[in-house]
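Worksheet for the structure shown next.
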Number of protein chains: 2
Amino acid sequence: MPAMTAKPRDRTDESLIALRRILRATELYARDLAQAAGMTPAQLRVLQVVDEKGGATPKALANQMSVSQATVTALVDKLVARGMVERRSSEQDRRQINVVMTALGESTLEHAPDALQQRYVRAFEDLADWEQAQLVSSLERVADMLDAKRLDASPVLTTGELPSANVSE
Amino acid sequence: MPAMTAKPRDRTDESLIALRRILRATELYARDLAQAAGMTPAQLRVLQVVDEKGGATPKALANQMSVSQATVTALVDKLVARGMVERRSSEQDRRQINVVMTALGESTLEHAPDALQQRYVRAFEDLADWEQAQLVSSLERVADMLDAKRLDASPVLTTGELPSANVSE
DNA sequence: GTATATAGTTAGTCTATCGAATTATTTGAG
DNA sequence: CTCAAATAATTCGATAGACTAACTATATAC
């Protein structure tokens, strides 16, 4: 077999393998990061979203994270117990609750040593200008190919918990 | 933050956002895929690894998936209960157990409609030759920047469950 | 003003995960 | 050869995250 001239099929596999490595690396680091911040990945994710948005309702958190409102309630309970966030009733609509950061939450997030992101950012910023441009365009292209519905995303590299998908047993 | 920003973002942020979109898309689809195959994401992942390797010991599965052996035992129990895999004692070392696919397991995997991967593969194969080459090189570059230890990966686009990381409470 | 819709919480159940203890088997040191 | 240490797997008990369904409180609409 001519080792050269990779057929399209080989390239597809190569791209999938690279993608899979990207996914696994971020998964693995998400655990370590959460551990380092003294909480679980799911809790950290809530904290990140609340921080990013400058406060959010459980409803909004549930949508953003694609989990049920009940799950958000449980996660927020734990973050409240740890003093990371507070619940504040809305004035306009008293059914709504706003989840907001506490000073402790802010500083915990601030000091979470995001090793993966730091390493990545450092490496990325060491690249030549044209290389950066090419990487961004490639990543966006792949994201478009995967993410048809264009989800709202933020520049924070953490994965969330996957739900157990409650399937028979 | 709204999707469209007037000011062009920093390129590092753009790349992180694209990465995050990739992660989220795969997470979301991992659930659907597992559901469609009639099992949970963690169970599906075990099945994929067993299939790929043509059988594996619980020890090997635990290493490959970065979970404890106890967890693997539990997952294999469920797959056995569903007739997807079998346990076979090793002849050489009778402490070892080999987990192997059943016909049902094979066919279930075969027929799992991996919408995400199919869509991605289709899109990828529609690209011009040079574009494919560029994408592969970009993805591998990113994978290297994230995954210092070069994990063993396969061309299967599924994310696993993140462990709860058993941190205080 | 009552009916309906919406936001959030509570209750009950399931899966995934862990660490520690247990069992069976292999290996190695005398 | 024998017995201690190491190794593979399982069992046990506990915790976290997730879901659905039911419930409470508030808002809106007719």
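Note that the structure is a prediction, hence the values are computed from the model and not measured. For the numbers below, each heavy atom of this structure counts, side chains included, while hydrogens, waters and symmetry mates do not.
S68(B) and T71(B) form a side-chain donor-acceptor contact under 3.5 Å, judged by distance and modelled atom types alone. With no hydrogens or angles considered, a side-chain donor-acceptor pair links Q48(A) and R45(A) at under 3.5 Å. Between the side chains of T12(A) and Y120(B), no donor N or O sits under 3.5 Å from an acceptor N or O.
Comparing dC18(C), dT26(C), dA18(D) by their closest approach to the side chain of V67(B) singles out dC18(C).
The nearest whole Å value for the distance from the CG atom in L75(B) to the P atom in dC14(C) is 17 Å. Distance R31(A) CZ to dT15(D) C1': 16 Å, rounded to the nearest Å.
OP1 or OP2 of dC19(D) sits under 4.0 Å from a side-chain N or O of T71(A). The shortest distance between the side-chain N/O atoms of R94(A) and the OP1/OP2 oxygens of dT24(D) is not below 4.0 Å. One finds no side-chain N or O of S68(B) lying less than 4.0 angstrom from the OP1 or OP2 phosphate oxygen of dT17(C).
For R82(A) and D77(A), the salt-bridge test fails: no basic side-chain N is under 4.0 Å from an acidic carboxylate O.
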Check: protein-nucleotides 3-12 of chain D nitrogen or oxygen pairs below 3.5 Å:
{"unit_1": "dT7(D)", "atom_1": "O4'", "unit_2": "R95(B)", "atom_2": "NH1", "d": "3.4"}
{"unit_1": "dT7(D)", "atom_1": "O2", "unit_2": "R95(B)", "atom_2": "NH1", "d": "2.9"}
{"unit_1": "dA8(D)", "atom_1": "OP2", "unit_2": "K59(B)", "atom_2": "NZ", "d": "3.4"}
{"unit_1": "dA9(D)", "atom_1": "OP1", "unit_2": "I97(B)", "atom_2": "N", "d": "3.0"}
{"unit_1": "dA9(D)", "atom_1": "OP1", "unit_2": "I97(B)", "atom_2": "O", "d": "3.2"}
{"unit_1": "dA9(D)", "atom_1": "OP2", "unit_2": "K59(B)", "atom_2": "N", "d": "2.9"}
{"unit_1": "dT10(D)", "atom_1": "OP1", "unit_2": "R87(B)", "atom_2": "NE", "d": "2.7"}
{"unit_1": "dT10(D)", "atom_1": "OP1", "unit_2": "R87(B)", "atom_2": "NH2", "d": "3.3"}
{"unit_1": "dT10(D)", "atom_1": "OP2", "unit_2": "T73(B)", "atom_2": "OG1", "d": "2.9"}

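Minimum interatomic distance between T73(A) and R87(A) (heavy atoms only, all atoms of both residues): O-NH2, 3.4 Å.
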